[in-house]
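To keep things clear, I will list the structure first and then write my remarks on it.
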Amino acid sequence: MELLSPAGNAAALGAAVQSGADAVYLGGSEFGARHSAENFSLDEIKRWTDYCHLYGVQVHVTVNTLVKEKELTRLQEYVKGLSFAGVDALIIQDIGAAEIIKNTIPDMTLHASTQMTVTSLEGVKYLEDIGFERVVLARELSSEEIAYICKNTDAEIEVFVHGAVCMCYSGQCLMSSVIGGRSGNRGRCAQPCRLPYELLENGKNISSGYLLSPKDLALVNELKSLNEMGVTSLKIEGRLKRAEYVSAVVGIYRKYLDTLGVASQKDMNELLDAFSRTGFTDGYFKNNLGKNMMSYDIPGNSSENKFSEAAKQRAADNANIRKIPVNIAGVLKTDSPLEVTMYDDDGNCAYAVGTLKPEAALNKPLDEKRLCEQLLKLGATPFKCGEISVSVDEGIILSVKEINAVRRKACEELIAARQKRENGRVTDYAIPVRKRKNNDDIMLTAEVMTAEQFEAAVKNGIKRIYVSGDIIGLLKSDGLFQNAEKYGVEIVTKLSDIFCVEDVQTKSVMVSAPASAYKYRNKDVYGDFRLNIFNSETARHFSYMKSVTVSPELNLSEIQELCENTSSRLEVIGYGYLTLMIMRNCPVKSKGKCQKGKMIYKLRDRKKQEFQLVCGKGCRVRLLNSKPVYMADKITDLMELKINSIRLIFTVENFSQCGKIIDIYRRALDGESVDSMPDNSYTRGHFYRGVL
């Protein structure tokens, strides 16, 4: 299996290589999800890629943020630079970005970022079909789920084995974005999960602490089982970590990857000393969720950042510890300069010949032993000699200076051979310019969680309703489903935010993940905002859907730019409590409680804002924003976008409240002046601010 190390800066990259990494992943100057890391310029990427390739180490570059419409051309030029730099793969979150990259640098290898929230074989199959060679799975998967995926796909599978764990599924968190304007999808997460919260039960505080702060992951003792599953790559998290941390962790994982044994207590202590949050967890991997996964008392590093001398040496500037095995052959004949051949185990070969012929020896002639000794002086080079063979004619001598010069030349030639890469194709692909179709009258749609919300939507004239699959059976038994169909209502099953196989009883579905689009491709498909529609290329990719909902992280002008360059039918969320986090490890259950489908638990933050917790399929819990998006009194701003529909999301609202909200929005669309909600009771979302 490949051992893949983080490299947030040059020192960490050098430490990773010297500690035995097979590949590194790093961010460039743009489009990387670790904005606060030092990262690398294109020139630096080229230089360090040569360094990595010398040691047989691959370079994967993160291009794993969502890309705005106005950034598409810049993205295209940027990835051309990465191709010229000779990097081996790009790690992508944005499907629209992937489409541009495939057309611009078609030979580049694409890896699907964990930000794509791939949790199933269906998700892997979808991405495999559109050109991704590797998929980085979500951290939340169990060993059984990983094994099943590996067994049934030809795609390479990469899994995280060490480092920080997000409380929310990666790629689905809006908490930092909505609360503080710093988007995790754009590499600027402020880590609100590491802040203190109170757990409220029916308004009463029953617990407090760092309730959303998981321990770090450590799977060093699961390498044998991961190998048996067929996992391709083992990923260590930590592009914001120091070089000594990278050295310590990579060094230990290298040791046990080579033996597939169980880590000693000494080595486990070294991992703990490097960085931990009150210990490590393997809870997702072993499907053992709960409080043992959490670091309730300390959200940050609880270790002393102690590092072994070996780790420090590998992390030192210009460390030269990792040596490349080579074989050497030297030939010195009476009438010819010294010839030296060096070759490695990867098929690379270098040949160097001197400029001086040997002279007749007056005293002590050069023998094979002395020539070997001189050719073996590789100390300052990255090489170590495995086998050496030399041949020297009798009675001749050659200066040490000349022998050293030929040896150095051979080393330089072999370095160049190991670093040589053929640049992939770069095309003149022009990003298509599409003319926006004229929109029909903007329609109101509704998303509902309960039967009474559904009934309210029908009675108030909503003609497309997205319904949680959990209540479809209830609606049919009560006759509400059949009654809605009589009134011409299109009923769309709102599939789970995190993919799972569901019993779909409607003609149409709304999907939140490519996996769902793959599984239910024979249905009429609508796309939810969790597909991260950030630009027209992503909208075009999903143009087979009846409509797609744009990301709630875009502001009005950015939505307008998107609208002008796509013919896809677009929806925006105009009302509702946005889901900020989706969690597999329920913070309520971790405290020994369960709301059993009710909504009696909330989290309260330092500013006394309260966030509703909502149960979902598979005990996945959603954290709602403390305030709903409200845009009825600003409806003209939405209408000017030339979108096709405005969605009203109902979660905590009762029958009467749903009816009132629908009425307000309908009157606003008809041109009536409507009031705003009371101060501090609503948010405009990102419509007027957006994210950087």
Please answer whether the main-chain N or O of [Y] pairs with a side-chain N or O of [X] as donor and acceptor at a distance below 3.5 Å.
| X | Y | value |
| --- | --- | --- |
| S681 | P678 | yes |
| Q453 | T651 | yes |
| R186 | L66 | yes |
| H686 | S177 | yes |
| R34 | T62 | no |
| S590 | P587 | no |
| T117 | S170 | yes |
| N205 | L200 | no |
| Q172 | Y169 | no |
| E640 | D637 | no |

How about [X] and [Y]: do any of their side-chain heavy atoms sit closer than 4.5 Å?
| X | Y | value |
| --- | --- | --- |
| C619 | C586 | no |
| V548 | Y526 | no |
| D524 | V509 | no |
| I635 | I646 | yes |
| Y544 | R521 | no |

Legend entry - R684 NZ/CZ over Y682 ring centroid, <6.0 Å and within 45° of normal: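 That pair does not qualify as a cation-pi contact.
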
Legend entry - Ring-face cation of R647 near Y575 (centre distance under 6.0 Å, axis angle within 45°):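 Not flagged: R647 not positioned over aromatic ring of Y575.
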
Legend entry - side chain to side chain contact (heavy atoms under 4.5 Å, CB included) partners of T506, counting only residues at least two apart: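 Residues passing side chain to side chain contact (heavy atoms under 4.5 Å, CB included) with T506: I472, F481, I491, T493, V504.
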
Legend entry - Non-neighbouring partners of Q595 that pass side chain to side chain contact (heavy atoms under 4.5 Å, CB included), sequence neighbours left out: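 Per chain and number, Q595 pairs via side chain to side chain contact (heavy atoms under 4.5 Å, CB included) with I600, Y601, L613, C615.
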
Inset, instruction - Answer yes when K627 and E610 have at least one side-chain N-carboxylate O distance shorter than 4.0 Å, and no when they do not. - result: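 No, this pair does not count.
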
Inset, instruction - Measure up the F499 and Y520 rings against each other and bin them: parallel (under 30°), tilted (30 to 60°), perpendicular (over 60°). - result: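 Taking Y520 first and then F499, their aromatic rings sit tilted (interplane angle of 30° to 60°).
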
Inset, instruction - Apply salt bridge (charged side-chain N to carboxylate O under 4.0 Å, His left out) to K617 and E502, showing your working. - result: CA-CA 10 Å; K617 289 183 176 66; E502 302 181 51; 3.2 Å; yes

Legend entry - Residues forming a side-chain hydrogen bond (donor to acceptor under 3.5 Å, both in side chains) with K591, sequence neighbours excluded: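 K591 satisfies side-chain hydrogen bond (donor to acceptor under 3.5 Å, both in side chains) with S207 once adjacent residues are dropped.
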
Legend entry - Verdict with supporting geometry, K102 and E99, salt bridge (charged side-chain N to carboxylate O under 4.0 Å, His left out): CA-CA 5 Å; K102 284 191 299 182; E99 295 289 353; 3.6 Å; yes

